[in-house]
Amino acid sequence: MQKNYKLPAAIFATGILSFGGVVIETAMNVTFPQLMKLFNVSLSQIQWVTTAYLLVLTAMIPLSAFLKKRFSSKKLFISAVCFFLLGIIIDAAATNLILLILGRAFQGIGTGISLPLMFNIILEKAPANKLGLLMGLGNFVTATAPAFGPIYGGILTDSWGWRMIFILMIPLILVALLVGCWSLDNQQPKKAIKFDFWGWLTTAATFAFLITAFNFLGTNLINFIIYLLLAVIFFVIMLFHYRKTTTPILNWSSLKNLNFNLHLSSYFIGQFVVLGLSFLIPNLIQLAFHRSSLQAGIAMAPGALLGALLTPFGGSLLDHLGAKRPVISGISLQLIAVLLFAIFFNHLTIPSIAAIFALFAAGQSLSMPGIMTHGLQQLSLQLQADGNALLNTFQQFAGAAGTAIISTIVAASANSQNAGFHNGLIFTLILLFADLGLIWTAFKKSN
């Protein structure tokens with residue numbers, strides 16, 4: 001019987017660490033006005049709390065396929081916990097912006113190890129008839145954490161102060177550590193493989209410069225162009241390197257599969273939209289409606305709760321109905337929700353925002369597990385770990401791009417701040433139409 005419980009326990013342990021990283025990422029969004037005053041910095045400077053985390057996370061995730069082949073799951077998990085706890089302690093005690101950014105960077109290392117580890121465990125250990133359900137549980141992390149973060153951050157910031165965002169995570173991480181030590185496999189891989197340092201460096205640099213470029217998009221056009229050019233240069237170097245190496249850190253050959261590319265693009269857009277809305281909605285409530293961070297968090301609560309309940313259900317539907325119907329239905333619900341936001345923008349209230357966002361969260365919970373699972377099923381078993389690394393890498397890049405681009409659209413409006421928020425919703429709506437087209441094409445090709 002014990003073995004039956006070890007797989008869900010391993011998913012729980014790795015999932016908690018991943019969940020904590022994403023929750024803190026979006027929880028910090030509602031603290032930015034306070035932190036700007038506390039540290040006497042601008043919005044563009046305080047955004048580096050999120051950007052630094054995403055930079056490190058994006059650099060770590062391409063390592064996941066190599067780490068999986070080189071070290072046992074238990075060793076990887078314990079290392080992830082150590083980095084994450086160190087980052088939390090630094091942030092809880094931070095007295096300036098530099099320390100706050102440093103702590104988030106250490107948390108990025110921990111999440112960068114644990115997030116792909118969780119999905120690799122599911123892909124390797126899950127019975128075929130439970131794969132969708134367990135992938136749904138895994139996607140619970142990425143689907144609900146962005147929505148739960150503003151609630152968590154809003155309540156704690158208004159009641160006990162922003163440091164509690166980090167302090168209350170410590171007991172949860174310690175519980176995950178105990179569960180992970182019991183449930184995770186300590187079997188060392190039999191074959192040691194060579195570490196492709198230059199492949200990792202060029203891959204990490206490409207995504208790091210892209211994320212940094214997007215962070216300057218709304219504040220410094222020259223810096224944006226410089227970092228974008230650096231990203232292009234490192235991307236070209238990366239391509240030349242991968243043509244020569246026999247042991248790539250990230251196997252890009254999975255991108256030769258057009259159907260997987262369509263799923264990857266859809267997954268990218270899905271994460272872009274949810275992180276963009278997780279930035280837009282709390283700031284809309286605070287800056288346009290002049291409500292508190294607590295009220296902004298409460299408005300997100302129904303959606304977060306519904307997303308938590310429906311994500312495993314979306315995975316279960318995948319096992320019973322296949323991927324097409326849940327995914328198409330889910331993206332359609334997201335599209336309808338953002339359309340309602342855009343149409344009734346001038347008449348929105350806190351209850352109507354909560355109701356519409358709940359509809360969006362329901363759609364996301366139905367679609368995301370199916371997109372990821374069905375996308376990985378387009379690859380051979382040998383390429384699935386690399387495909388998982390690509391999905392998670394693009395997911396983090398999408399989060400950085402979503403926050404940066406939506407915030408730029410909001411700030412760029414010459415008419416008013418409200419017009420900027422409305423333009424952000426219109427842009428999100430266009431992306432969801434494109435997402436629906438991409439995934440529809442993917443399912444037609446897979447039939």
Side-chain angles (χ1 to χ4, degrees), residues 14-29 47-68 76-77 79-88 90-91 100-120 138-139 141-146 149 165-166 169 173 176 200-215 227 231 234 249-250 264 267-268 270-272 274-276 278-279 368 372 385-386 388-404:
T14 52
I16 286 296
L17 212 59
S18 306
F19 184 82
V22 181
V23 162
I24 292 173
E25 177 187 345
T26 53
M28 293 305 289
N29 284 341
Q47 279 182 342
W48 280 96
V49 172
T50 297
T51 303
Y53 166 80
L54 291 171
L55 284 172
V56 175
L57 188 60
T58 307
M60 288 301 300
I61 286 177
L63 287 171
S64 61
F66 166 79
L67 293 174
K68 173 183 172 293
L76 289 175
F77 177 71
S79 300
V81 169
C82 291
F83 279 114
F84 200 88
L85 278 175
L86 177 61
I88 284 181
I90 291 173
D91 278 342
L100 196 63
I101 291 171
L102 178 64
R104 289 300 285 150
F106 279 116
Q107 291 160 51
I109 296 174
T111 309
I113 296 171
S114 64
L115 183 62
L117 177 63
M118 175 181 66
F119 285 115
N120 281 329
N139 270 280
V141 173
T142 52
T144 61
I165 291 173
F166 301 100
M169 276 288 168
I173 300 304
W200 170 75
L201 181 65
T202 53
T203 302
T206 298
F207 284 103
F209 283 129
L210 276 173
I211 290 173
T212 306
F214 281 118
N215 198 58
Y227 283 104
F234 272 93
I249 193 70
L250 196 59
L264 178 63
Y267 198 71
F268 177 91
Q271 190 67 11
F272 182 107
V274 71
L275 265 296
S278 293
F279 168 84
M368 293 299 275
M372 186 176 197
D386 296 288
N388 179 40
L390 279 170
L391 280 164
N392 282 287
T393 300
F394 275 80
Q395 179 190 51
Q396 303 313 316
F397 172 53
T403 302

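Below, all heavy atoms of this structure are taken into account, side chains as well, without hydrogens, waters or symmetry copies.
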- Can you say whether the rings of Phe209 and Phe234 are parallel (under 30°), tilted (30 to 60°) or perpendicular (over 60°)? tilted
- Query: So which of Asp91, Ile90, Leu85 actually passes side-chain contact (heavy atoms from CB on, under 4.5 Å) with Gln107?
  - Reply: Asp91
- Task: Taking all non-hydrogen atoms of both residues into account, name the closest pair between Ala231 and Leu210 and its distance.
- Result: CB-CG, 3.7 Å
- Are Trp48 and Leu55 close enough that some pair of their side-chain heavy atoms sits under 4.5 Å apart? yes
- Note on the structure: Rounded to the nearest 0.5 angstrom, the OG1-CG distance for Thr111 and Leu117 is 12.0 Å
- Message: Quick one, Phe166 and Leu100 - any side-chain contact, counting heavy atoms below 4.5 Å?
- Response: yes
- Note on the structure: Taken to the nearest 0.5 Å, the spacing of Leu86 CG from Phe106 CZ works out to 5.0 Å
- Note on the structure: Here the pair of heavy atoms bringing Leu390 nearest to Leu264 is O-CD1, 4.0 Å
- Does the side chain of Leu115 come within less than 4.5 Å of Met60's, by heavy atoms? no
- Note on the structure: Distance col, row Met118:CE vs Ile113:CD1, nearest 0.5 angstrom, shows 14.5 Å
- Between CZ on residue Phe19 and OG1 on residue Thr14, distance to nearest 0.5 Å: 13.5 Å
- Task: Look up atom CD1 in Ile24 and atom OG1 in Thr50, then write down how far apart they are to the nearest 0.5 Å.
- Result: 11.0 Å
- Task: Calculate, to the nearest 0.5 Å, the distance between atoms CG and OG belonging to Leu57 and Ser18 respectively.
- Result: 9.0 Å
- Message: Any non-hydrogen side-chain atom of Val49 less than 4.5 Å from a side-chain atom of Tyr53?
- Response: no
- Message: For Val56 versus Gly108, what's the shortest heavy-atom pair and its separation?
- Response: CG1-C, 3.8 Å
